[in-house]
2 protein chains.
Amino acid sequence: MDPKAIQESLETSGLRCTQQRYAVMAFLLEHKGHPTAAEIFDAVSRVDPRPSRATTYNNLRDLVKAGLVREVAVEGRGARFDAVGKRHHHFLCDRCGAVEDVEWFEVSKPVPGILGKRVVRACELNLRGLCAACAPESGSLE
Amino acid sequence: MDPKAIQESLETSGLRCTQQRYAVMAFLLEHKGHPTAAEIFDAVSRVDPRPSRATTYNNLRDLVKAGLVREVAVEGRGARFDAVGKRHHHFLCDRCGAVEDVEWFEVSKPVPGILGKRVVRACELNLRGLCAACAPESGSLE
DNA sequence: ATGATTGTTTAGACAAAGTCTAAAGTTGGA
DNA sequence: TCCAACTTTAGACTTTGTCTAAACAATCAT
């Protein structure tokens with residue numbers, strides 16, 4: 001995504017395109033590996049010397065609220081983020097902790113009635129196991 | 001699950017049945033609401049006055065390693081845990097943060113080839129939206 | 001342009017979540 | 001009984017995230 005497009009998507013969402021905000025967004029678009037807030041903070045800090053941690057957290061929150069970024073549900077200490085792009089599932093490596101995207105495929109819907117009054121707005125699959133780098137030559141258990 | 005059965009399942013998994021460990025396991029079996037580590041610590045602290053936080057964390061880690069307990073993947077600060085029982089999916093409420101079990105139903109498998117060398121060991125669905133308590137009378141977007 | 005208003009950044013204190021260590025306490029088995 | 005292995009404990013420490021008040025933009029209407 002080129003700089004102009006990033007700026008535009010921020011402004012369309014009602015966010016000013018500030019240095020910091022832009023840096024966070026650009027970093028997320030370039031790094032699809034679901035970085036943690038700490039990693040994002042480190043990365044933008046390296047460019048613009050010493051922004052406060054709070055700014056990075058604020059910007060992440062703003063971007064999530066605006067729908068440009070999503071927080072990924074994984075177990076583990078730090079929140080991880082993901083620029084909203086193509087729909088996809090996630091694969092979590094039990095050994096090295098990597099969080100990888102898996103190409104989207106349609107999943108079965110819950111049997112009607114199972115959910116009661118609940119309103120479903122989104123639905124994603126978490127696959128778990130060993131990533132390509134950690135996998136030995138053994139087979140799957142699923 | 002009765003006390004004897006809990007003790008047995010611990011010992012079968014190669015874990016001594018200590019006071020603390022038993023208390024953590026029993027609490028998880030009774031509270032299906034996916035408590036956070038902090039909640040578990042508080043609960044067992046109330047019974048046995050002042051165990052160290054470290055003990056609770058150690059025991060949780062041991063139980064997860066033994067396969068009796070699972071860490072639930074949700075975004076947000078504290079790790080949440082779940083006694084391993086019937087297979088189920090999770091429903092996450094966007095408004096109140098509740099994590100509820102959803103009765104198991106079979107989900108579509110990924111198209112072969114999509115996963116490359118990865119070895120899948122588990123697979124669960126995260127549904128997201130508004131829980132029964134938070135849902136207005138509007139419809140679903142999915 | 002000028003100034004009022006609003007949104008943003010900053011530093012640092014704070015709080016919450018989790019880990020580590022060293023010492024002391026248990027437990028089970030030879 | 002005594003040893004080796006496992007547990008627990010307190011507390012220091014680290015990491016992650018939030019909050020606040022003050023300084024800094026940027027915007028908009030004159």
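At the phosphate of dA10(D), neither OP1 nor OP2 sits under 4.0 Å from any side-chain N or O atom of Arg53(B). Distances shorter than 4.0 Å separate some side-chain N or O of Asn59(B) from OP1 or OP2 on dT8(D). Using a 4.0 Å cut-off, no side-chain N or O of Gln19(A) falls inside it from OP1 or OP2 of dA25(D). Distances shown here put every side-chain N or O of Ser52(B) at or beyond 4.0 Å from the OP1 or OP2 atom of dT8(D). For dG17(D), the OP1/OP2 oxygens have a side-chain nitrogen or oxygen of Tyr57(A) closer than 4.0 Å.
Atom CD in Glu75(A) sits about 18 Å away from atom P in dA17(C), given to the nearest Å. A straight line from CG of Leu15(B) to P of dA5(D) spans 18 Å, rounded to a whole angstrom. Regarding Arg61(A), its CZ atom lies at a distance of 14 Å from the C1' atom of dT16(D), rounded to whole Å. For the pair Gln7(B) CD and dT27(C) C1', the computed distance is 14 Å after rounding to whole Å. One can place CG of Leu10(B) at 14 Å from P of dG28(C), the figure rounded to the nearest angstrom. Between the CZ atom of Arg80(B) and the C1' atom of dG18(C) there is a distance of 16 Å, given to the nearest Å. Atom CZ of Phe41(A) and atom C1' of dT15(D) are 13 Å apart (whole Å). Going from atom CD of Gln20(B) over to atom P of dG25(C) covers 16 Å, rounded to whole Å.
Inspection of the Asp101(A) and His34(A) side chains reveals an N or O donor paired with an N or O acceptor under 3.5 Å.
Within the nucleic acid shown, Ala54(A) comes within 4.0 Å of at least one base atom, counting heavy atoms only. Counting non-hydrogen atoms under 4.0 angstrom, Thr18(B) reaches the backbone sugars and phosphates but no base.
For the pair Arg16(B) and Glu11(B), the salt-bridge criterion is not met [side-chain N within less than 4.0 Å of a carboxylate O]. Electrostatic pairing of Glu75(B) and Arg128(B) counts as a salt bridge here, judged by a charged N lying under 4.0 Å from a carboxylate O.
Hydrophobic cluster membership is shared by Leu127(A) and Val102(B), with clusters built from Ile, Leu, Val, Met, Phe, Trp and Tyr side chains linked at under 4.5 angstrom.
In this structure, Arg70(A) fails the cation-pi test against Phe81(A), since its NZ or CZ atom is not both closer than 6.0 Å to the six-membered ring centre and inside 45 degrees of the ring normal.
Nearest-nucleotide assignment on DNA chain D puts the 5′-proximal partner with Arg21(B), out of Arg21(B) and Ala38(A). Annotation: of the two residues near DNA chain C, Gly78(B) and Asn58(A), the 5′-most nearest-nucleotide partner is Asn58(A).
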